[in-house]
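In this text the structure is predicted, and so the values were computed from the model without any measurement. Within every chain, numbering begins at 1; the chains are lettered A, B, ... in the order of the sequence lines, protein sequences first and strands thereafter.
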Amino acid sequence: MRLATWNVNSAKSRLPRLLPWLDQRAPDVVCLQETKLSDDDFAATLGTALAERGYAVAHHGQGRWNGVALLSRVGLDDVVRGLPGEPVFTDGGLTEPDARAITATCGGLRVTSVYVPNGREPADPHYPFKLRWLAALRDMVAAGDPATAVVAGDMNIAPTDDDVWNRPAFEGSTHVTPDERAALTALGATGLRDVMRERWPDERVFTYWDYRAGRFHQDQGMRIDLVLAGDVPADRRAAVWVDRAARKGKSPSDHAPVLLDLDDAPDGDAGPVVPPPSSPAPLVRKA
DNA sequence: ATGGCCTTGTTACAAGGA
């Protein structure tokens with residue numbers, strides 16, 4: 001089973017990159033972030049193309065900002081939008097929570113696609129909001145079965161100083177503060193493992209590069225898109241990698257996808273058997 | 001030393017990103 005996460009920075013504008021990527025990499029479960037579409041617009045824009053490829057879809061959007069989705073070819077059950085008790089950014093006059101998390105059971109795993117708040121600056125009210133949101137995420141994972149959980153997405157936290165290209169450049173910025181890293185540690189303490197760092201403990205691994213200043217070309221990025229996996233999926237890890245090719249070329253997202261390949265479960269239970277779609281999508285689609 | 005870009009909505013910028 002192949003699971004992927006990708007902050008696409010607008011599903012609509014990324015459509016010419018997203019659909020060929022799905023055909024090329026053929027992930028079974030996809031966590032998307034920053035779709036920047038309402039549920040209706042997501043269905044209208046991508047629904048048919050995803051159904052043709054055999055994906056069941058669950059989207060949690062609000063329109064202009066944020067928006068997360070789950071695509072699955074191995075079942076998509078018990079969908080939950082948002083986080084129980086998640087904070088609302090009332091400082092900004094909002095009365096509804098942002099669309100930043102969606103959870104479903106896919107292939108026997110409890111998968112959450114997350115778009116963690118940016119935080120802006122440590123002195124900004126968005127920063128404590130980010131910490132409160134992360135606490136709500138931790139609580140949800142702890143209340144479930146962490147062993148079978150996968151939390152994947154744009155965490156907007158670099159776990160260590162090795163996860164940013166130039167630590168001094170981030171002095172005084174969010175994404176590297178002790179409080180954010182403590183929140184990430186608390187989330188991991190529920191029983192989730194950073195499978196990328198387990199596999200590549202000493203490598204330079206980035207998932208995001210600013211559009212400006214030729215950052216990608218110089219590999220000056222950050223590792224902020226994480227796959228945090230409970231013991232059941234983490235122990236089945238066959239491969240985990242950053243799809244840098246998706247960050248190249250015409251009109252890319254500023255984030256690259258992260259892919260996790262899992263071996264079949266040792267007892268032979270690879271999750272529910274899902275029949276192929278009524279009109280199977282060809283492996284390579286005509287232009 | 002600083003900033004460089006991209007997306008959205010709306011129509012010359014503003015907001016947001018990280």
Does [X] have a side-chain nitrogen or oxygen under 4.0 Å from the phosphate oxygens OP1 or OP2 of [N]?
X	N	value
A/R64	B/dT10	no
A/Y208	B/dC6	no
A/S13	B/dC6	no
A/H126	B/dG17	no
A/N156	B/dA18	yes

Tell me what A/D124 touches on the nucleic acid: a base, only sugar-phosphate, or nothing, going by heavy atoms under 4.0 Å. nothing
Base, sugar-phosphate, or nothing for A/R215, non-hydrogen atoms under 4.0 angstrom? base
Can you tell me whether the side chain of A/N118 and the base of B/dA18 have a donor-acceptor pair closer than 3.5 Å? yes
Using the side-chain heavy atoms of [X], tell me which of these nucleotides is nearest: [options].
X	options	value
A/K36	B/dT7, B/dG17, B/dA18	B/dT7
A/R212	B/dA18, B/dT7, B/dC6	B/dA18
A/A213	B/dA18, B/dG4, B/dA15	B/dG4

Give a yes or no on this: more than 12 heavy atoms of other residues, nucleotides or ligands lie within 6.0 Å of atom CD of A/Q218. yes
Is a side-chain N or O of A/R73 found less than 3.5 angstrom from the main chain of A/A56, in a donor-acceptor match? no
Could you tell me how far apart A/N166 (CG) and B/dA18 (C1') are, to the nearest whole angstrom? 15 Å
